[in-house]
Amino acid sequence: MKIKEILANCNLMEIEGDKDIDILDMTFDSRKVKDGSLFFAVRGTQVDGHDYIDKAVAQGAKAIVCEKMPKTKTDGVTYIQVVNSAYVLGVAASNFFGNPSRELRLVGVTGTNGKTTIATLLYRLFTDAGYSCGLLSTIENIISREVIPSTHTTPDPLELNALLQKMVECGCEYAFMEVSSHSVDQDRIAGLHFAGGIFTNLTHDHLDYHKTMANYRNAKKKFFDNLPDTAFALTNLDDKNGAVMLQNTRAKKLSYALKHDADFKGVVMESHFDGMLLKVNGVEVFTQLVGGFNASNLLAIYGAAIALGFNKDELLVEISKLHGANGRFDMVHSESGIVGIVDYAHTPDALENVLTTINDVRRHKETLITVVGCGGNRDTTKRPEMAAVAVKLSDRVILTSDNPRNEDPDEIIRQMKAGIAAEDSHKVLSITNRHEAIRTAVALAKKGDIILVAGKGHENYQEINGIKNHFDDKEELSEAFKEAH
């Protein structure tokens, strides 16, 4: 492919060298450069691609995109200077793969909580209705019905556009994807054409990266600012940042809410562990999902489906058939009558949502035991908040290890305990080994009691000192129930 075709619609500052060369492939990783590659020197959070330009050239790169021209240049290599290499990489990746997002109706879901559930259920809703669809999520990527393992919430631009191209080749009409704040800030979605965007909520998370809540909010808002006027922008008015997302968007503005007037208004009529009765714009539907946060998720799904032209008369019937995403309020029942719930809740707000839902449904004669930890090498400020929420809304709490990564798990637990008042300390146990923590919760529980294992959800590993060991909360809880029976 000619380099001028790859860099179409990119704002180029300067070009030195052959402007009409053929490019065989593209990369921003110098280790993947081959003869005929176009190398993008991208400034990352850990390394600067500009430091690897010479290595890329030595390995056969025929062109370099960079923000700062190198002092010495190699004959036969084309150098292109741009303002933002990451942004140009996104646009160029779309061009290189034939702009597949323009051949799909691509919907992005962004927010702290709910992204996976909404994207996954939209995929299931439209697939069950007979459409060929794609999904890009934290749990898995799916092309039509082929499952591809997921490594990031939002892949890098080259992987992302390669997946979208394959969706087009497989005849997909719709694609639903999670859009992380990191991906917006790092321009991983630059060049994509969205048919719609959904905002869920904004709560404490990722401050290790964004530093402030304002930066975090603005990363989400940037997604909506860049939507085209042909798209829809659907926001949650129950979140104080919901209206902010729509301030500068050119897209059609739509809203959903449980507590405020909105285009798509919901009311939870009844709530049980096996589902809830929800009224949507005056029409009742029983859904297998549980809790106010899932009621909000379902409103987002309903609104997006209407915006995409889904038959309104059939929509609530199809929604009633949906079941939750893996690892999201995932029920595990024991033969002895203990109720187990596995949930991905790894932020204070998400944990509060899940525990509030449990407390709304339970009879309060049972004991609610929460097993929870916090991930290592991530935002440390939320650790005491997570513990405080768990203690406030549970009868017993077991603090344990999550994915400690390269941190000392005992130190993470110590930081969590800083959020627990002295008068509540009797409710709390600290058991670093997650396997033992789950079994202790089961040993403490009696018939009718409820155990919430929070933080990892769908994850089937525990990362310790850079090594991922197999660990699945649902498996662990199920085995503990069997052993205790």
Side-chain angles (χ1 to χ4, degrees), residues 109-122 124-125 137-139 153 176 178 180 198-205 220 234-242 245 255-260 262 264-280 285-304 319-320 322-331 339 341-362 368 370 372 382 385-386 389-390 392-394 450 452-458:
V109 188
T110 195
T112 306
N113 304 310
K115 297 188 298 294
T116 301
T117 295
I118 291 171
T120 301
L121 295 189
L122 278 169
R124 291 177 184 169
L125 177 70
S137 80
T138 302
I139 297 177
T153 299
F176 305 99
E178 294 184 51
S180 69
I198 302 169
F199 172 74
T200 63
N201 48 64
L202 191 76
T203 62
H204 190 156
D205 202 13
K220 302 290 188 187
L234 176 62
T235 196
N236 179 10
L237 290 185
D238 289 334
D239 188 283
K240 64 182 180 181
N241 293 287
M245 298 297 146
S255 62
Y256 65 96
L258 290 166
K259 301 173 184 175
H260 297 85
F264 307 105
K265 169 73 173 176
V267 178
V268 178
M269 308 298 290
E270 296 177 14
S271 194
H272 314 276
F273 276 127
D274 62 349
M276 62 182 162
L277 183 64
L278 180 66
K279 183 180 286 187
V280 181
V285 59
F286 188 84
T287 169
Q288 298 174 52
L289 279 71
V290 184
F293 63 99
N294 271 323
S296 185
N297 291 337
L298 288 168
L299 288 175
I301 291 160
Y302 181 89
I319 283 177
S320 71
L322 295 173
H323 56 87
N326 184 27
R328 272 65 176 174
F329 213 90
D330 222 339
M331 305 285 288
V339 176
I341 299 168
V342 172
D343 195 274
Y344 187 54
H346 61 284
T347 67
D349 184 71
L351 184 60
E352 183 172 359
N353 283 338
V354 173
L355 286 170
T356 298
T357 294
I358 294 170
N359 281 314
D360 286 345
V361 175
R362 64 187 284 219
L368 170 54
T370 296
V372 65
K382 70 181 182 182
E385 294 183 31
M386 290 283 287
V389 168
K392 176 186 174 185
L393 297 173
S394 310
I450 304 158
L452 170 66
V453 182
K456 290 173 56 59
H458 66 281

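With rounding to the nearest 0.5 Å, the separation of CG in N201 from CG in N241 is 9.5 Å. In this structure, NE2 in H323 is found 10.5 Å from OG1 in T120, a value given to the nearest 0.5 Å. Atom OH of residue Y256 and atom CG of residue L234 lie 6.0 Å apart, to the nearest 0.5 angstrom. Rounded to the nearest 0.5 Å, atoms CG (D330) and OH (Y344) are 14.5 Å apart. To the nearest 0.5 Å, atom CD1 of residue I358 and atom CG of residue L368 are 5.5 Å apart. Here the CD-CG distance, from E385 to L351, works out to 11.0 Å after rounding to the nearest 0.5 Å.
Under the 4.5 Å side-chain criterion, counting only non-hydrogen atoms from C-beta, I139 is in contact with R328. In this structure, L355 and K392 have side chains that are not in contact, with every pair of non-hydrogen atoms separated by 4.5 Å or more. The closest side-chain heavy-atom distance from D238 to H260 is below 4.5 Å. With contacts defined as side-chain heavy-atom distances shorter than 4.5 Å, the pair V280/K265 does not qualify. Side-chain contact between T203 and P348 is absent, with no heavy-atom pair separated by less than 4.5 Å.
Nearest heavy-atom pair, A345 versus V354, reported as atom, atom and distance to 0.1 Å: CB-CG2, 4.2 Å. Across all their heavy atoms, M386 and T347 have their closest contact at SD-C, 3.1 Å. Among all heavy-atom pairs drawn from A257 and N236, the shortest one is CA-OD1, 4.4 Å.
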Mind listing the side-chain donor-acceptor pairs of residues 290-301 below 3.5 Å, one per line with the distance, residues two or more places apart or on another chain?
from	atom 1	to	atom 2	distance (Å)
N294	OD1	N297	ND2	3.2
N294	ND2	V290	O	2.9
N297	ND2	F293	O	3.4

Side chains of residues 267-279: which donor-acceptor pairs under 3.5 Å do they make with residues two or more places apart or in other chains?
from	atom 1	to	atom 2	distance (Å)
E270	OE1	H272	NE2	3.2

*side chain to side chain donor-acceptor pair (under 3.5 Å) between D349 and N113, intermediate numbers included*: CA-CA 8 Å; D349 184 71; N113 304 310; 3.2 Å; yes
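When each of K115, K220, E178 is paired with T110, the side-chain hydrogen bond (donor to acceptor under 3.5 Å, both in side chains) condition holds for K220 and for no other. For the side chain to side chain contact (heavy atoms under 4.5 Å, CB included) criterion with F176, the lone passing option out of L125, V109, L122 is L122.
The backbone N or O of H346 sits less than 3.5 Å from a side-chain atom of K382, completing a donor-acceptor pair.
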